[in-house]
2 protein chains.
Amino acid sequence: MSDTPARLLALLSLLQTPREWPGSELAERLGVTTRTIRRDIGRLRDLGYPVEATMGAVGGYRLVAGTAMPPLLLDDEEAVAIAVGLRTAARHPVAGIEEASVRALAKLEQVLPSRLRRRVGTLNTATVPMVPAGGPSVDPQDLAVLAAAVANRERLRFAYQAADGAGSRRLVEPYRLVVAERRWYLVAYDDDRDDWRIFRVDRIRQPHPTGMRNAPRELPGEDAAAYVTSTLYSLAPTYSAVATLHMPAAEAITRLGEASGVVEPIDERTCRLRDHTDTLEWLAFRLAMLGCEFEVHGPPELVEYLAALGARVTRAASPVARAAQAADGIACDTPGPDS
Amino acid sequence: MSDTPARLLALLSLLQTPREWPGSELAERLGVTTRTIRRDIGRLRDLGYPVEATMGAVGGYRLVAGTAMPPLLLDDEEAVAIAVGLRTAARHPVAGIEEASVRALAKLEQVLPSRLRRRVGTLNTATVPMVPAGGPSVDPQDLAVLAAAVANRERLRFAYQAADGAGSRRLVEPYRLVVAERRWYLVAYDDDRDDWRIFRVDRIRQPHPTGMRNAPRELPGEDAAAYVTSTLYSLAPTYSAVATLHMPAAEAITRLGEASGVVEPIDERTCRLRDHTDTLEWLAFRLAMLGCEFEVHGPPELVEYLAALGARVTRAASPVARAAQAADGIACDTPGPDS
DNA sequence: ACGTCCAGGACAGGATCTGACCTACATCGG
DNA sequence: CCGATGTAGGTCAGATCCTGTCCTGGACGT
């Protein structure tokens, strides 16, 4: 009970609550004298955690922003909230911090009590997927496993379903997780095939670490990201889309996000968007969500998709089309296979 | 040199890395004997942190899931990733954990070093907003301030713009943050008006805590959530939407998320959706994103909105609309048709 | 002016921590 | 099957550190 390190941790936890704590209250709560509390505060300050104290009658201690991150002490609900947030972030990677995001998720999932894990799972499925069509989506849990294996330099075994549908079992030395074109890829050295391979994470099933450590291995020659993008561009069919938006360029940029595509102004009220994508649905919905008039110049696949979408939405709103459908008994196809 | 508490924290930080640490390596890194490491491990276990050890030649220590959350020790990038994730979560509240999510954000923002805060800000604006139309959106930073004030029971001052556009300055005792209909509301006691009020967070400007604490105050009679929803339903105009989806009910539920609306099966391939919403755009896009045929039976406003959307999308894909531009080619420097 | 709060020095006694050395047990690889 | 390497844990002596109890001083609000 009266263990000094334990008390320091508890103190850190109390100070993280966004309120001020008078020394006397802290002393009472931790079962020590106020003098000891002052000493503990001093110790925390020596450790680099900036504890701010406001003098005076209504004063107290509180932990403020410093130069280093203090250990975050979360209660159950906060931990769940963070886990859910990170999982959705893993589904919608944000440029520049994808890897850190997954790393944080791996760190959290490693120590997340099982009862909380269950809650995260149910909440996660309850969340609106927010991906437009029924595209393949990665399991954040799998992603965390992969990230842990990368960090641990641990050999990994998993089942992989190639693009042509053929399944295979792999034993690889994971090297890096990268995001390109809104998709997760695992760069790894395939021990069976004795060469570097890039795996789409959404096609990886049941990954589990083998416990075998492998010596760090370097990609031949080039940089990892360059290697991946060069391979991907030759591998995945991407479309180059061009559209005219009837919206000021500045507004389009803020609405679309900076990371996506190139927006160049035409005049004050219109601009041109050039974007590369391999998921037409995603781009189509982003455009439709803008709320302004726009014209799509290409590729033909995107035009076609938009035409179908427009027709479907119009049918949904039109009683005439509804009557025709009712007569024909048109059934809806299952959402198409992945692009 | 480095005293015991600091070493324990460092040890906890190392063990959170998803890899195994042999005791000898930990000893070397922390500058103590392996015996001391073993003792520290024992101390951590006494504190409730489950440190797992694998015996044998390739053994080592690692922190595993236990019954309580250990303090999370994050590096800079991970902290940024979590902050970004929470901010987007604040924009898209997930049922049941909205409050915890904001609380975690407040806790993190309180101790986030300023350089990291800047990175979070820029990344956040770069993120795709993902809200369909140009609806008002809350500033996560403000939300964190409000959450801190609620937790701290601290009086709050802010400028408020009422629904009729009239601006006012308020001094309130914050009581609770709630989400209803995908919007954030602050329930507070208005000190100037001497009564309970509900404020829409997106209409609050420049909130800042006054430092004055207020005694905890209880809502009269009813429960907070009940009070809010009863007030809101009499306040905000909500639409009751009914639609038929050509999609199995089970799939519709997983695609739409459980929290939204009531889905009841009609037969194996179709189902009926009943939903309440005050933002037609949101519902319209959720329906369009489903990818299946659907018909909207009401309200008329939704039908109208969908018709306009369908027409716009069709225009975007229609060669007729493009004909004027196509005549001149689609070069960027071509001035668009005059407004 | 007064009360309340933080800041920090000095000191003595006692609790606690460390390192060294020991044995026992689990696991892997030859 | 044996040895190497890892964890698990006991014991002991000495040094270290920590705590509670004094104390003075400064800051702030009433």
Side-chain angles (χ1 to χ4, degrees), chain A residues 1-12 14-15 19-47 49-64 66 152 154-155 209-215, chain B residues 1-12 14-15 19-47 49-64 152-155 209-215:
Chain A
M1 182 59 185
S2 60
D3 194 12
T4 313
R7 196 185 55 238
L8 274 187
L9 248 55
L11 186 57
L12 214 45
L14 288 178
L15 287 178
R19 57 165 286 197
E20 296 217 331
W21 296 89
S24 57
E25 190 172 349
L26 292 175
E28 188 189 359
R29 246 175 132 107
L30 299 176
V32 289
T33 339
T34 59
R35 183 67 188 91
T36 301
I37 290 295
R38 275 203 291 282
R39 264 193 281 254
D40 286 351
I41 297 287
R43 252 191 294 251
L44 287 182
R45 285 178 179 150
D46 284 347
L47 285 177
Y49 305 125
V51 180
E52 196 190 63
T54 56
M55 313 280 254
V58 295
Y61 296 101
R62 77 193 308 174
L63 196 58
V64 298
N152 208 356
E154 212 169 349
R155 282 200 181 77
T210 60
M212 295 184 291
R213 297 276 269 285
N214 62 275
Chain B
M1 181 72 187
S2 60
D3 49 344
T4 316
R7 196 186 54 239
L8 272 186
L9 246 53
L11 185 58
L12 214 44
L14 287 178
L15 287 178
R19 57 164 288 197
E20 294 217 333
W21 296 88
S24 56
E25 191 173 347
L26 291 174
E28 188 188 0
R29 251 176 127 108
L30 300 176
V32 290
T33 342
T34 59
R35 183 66 188 91
T36 301
I37 292 295
R38 274 202 292 281
R39 263 193 281 252
D40 287 350
I41 297 286
R43 246 191 301 247
L44 288 183
R45 283 177 180 152
D46 284 347
L47 286 177
Y49 305 125
V51 180
E52 195 189 63
T54 56
M55 311 282 257
V58 294
Y61 296 101
R62 76 191 309 172
L63 195 59
V64 299
N152 206 357
R153 286 198 282 279
E154 210 170 351
R155 282 200 180 77
T210 60
M212 295 182 294
R213 297 275 271 285
N214 61 277

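Sequence lines set the chain letters: A, B, ... in the order given, protein chains first and strands last, and positions in each chain run from 1.
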Inset, instruction - Return the 5'-most residue of the pair A:Ala53, A:Pro5 with respect to DNA chain C, ranking by each residue's nearest nucleotide. - result: A:Ala53
Inset, instruction - Under 4.0 Å from any atom of DNA chain D, heavy atoms only: list the residues of residues 34-45 of chain B that qualify, in numerical order. - result: B:Arg35, B:Arg38, B:Arg39, B:Arg45
Inset, instruction - Answer yes or no: is there a side-chain heavy-atom contact under 4.5 Å between B:Leu15 and B:Leu44? - result: yes
Legend entry - Residues that A:Arg38 engages under salt bridge (Lys or Arg N to Asp or Glu O under 4.0 Å), provided they are two or more places apart: none
Legend entry - Atom-pair distance (CG on B:Asp46; C1' on C:dT16), nearest Å: 14 Å
Legend entry - side-chain N/O B:Thr4 vs C:dT18 OP1/OP2, d < 4.0 Å: yes
Inset, instruction - Give the rounded distance in Å between these two atoms: CZ of B:Arg7 and P of C:dC17. - result: 9 Å
Inset, instruction - Salt-bridge test for B:Asp46 and B:Arg43: reply yes if a basic N is under 4.0 Å from a carboxylate O, no otherwise. - result: no
Legend entry - Nearest-Å distance for atom pair CD/P, residues B:Glu28 and C:dG19: 14 Å
Inset, instruction - For A:Arg45, check side-chain contact (heavy atoms from CB on, under 4.5 Å) against everything at least two apart and list the hits. - result: A:Ile41, A:Val51, A:Ala53, A:Tyr61
Inset, instruction - Rounding to 10 degrees, work out the angle separating the end axes of the helix from C:dA1-D:dT30 to C:dG30-D:dC1 (five pairs an end). - result: 60°
Inset, instruction - To the nearest 0.5 angstrom, please state how far the CG atom of A:Leu8 sits from the CG atom of B:Leu8. - result: 9.5 Å
Inset, instruction - Output the distance between atom CZ (B:Arg35) and atom CG (B:Asp40), rounded to the nearest 0.5 Å. - result: 10.0 Å
Inset, instruction - Whole angstrom is fine here: how far is it from CH2 in B:Trp21 over to C1' in D:dG6? - result: 17 Å
Inset, instruction - Would you check if B:Leu11 and B:Tyr49 make a side-chain contact, meaning some heavy-atom pair closer than 4.5 Å? - result: no
Legend entry - Side chains of A:Thr36 and A:Arg7 in contact at under 4.5 Å (non-hydrogen atoms): yes
Legend entry - d(CG, A:Leu26; P, C:dA7) in whole Å: 12 Å
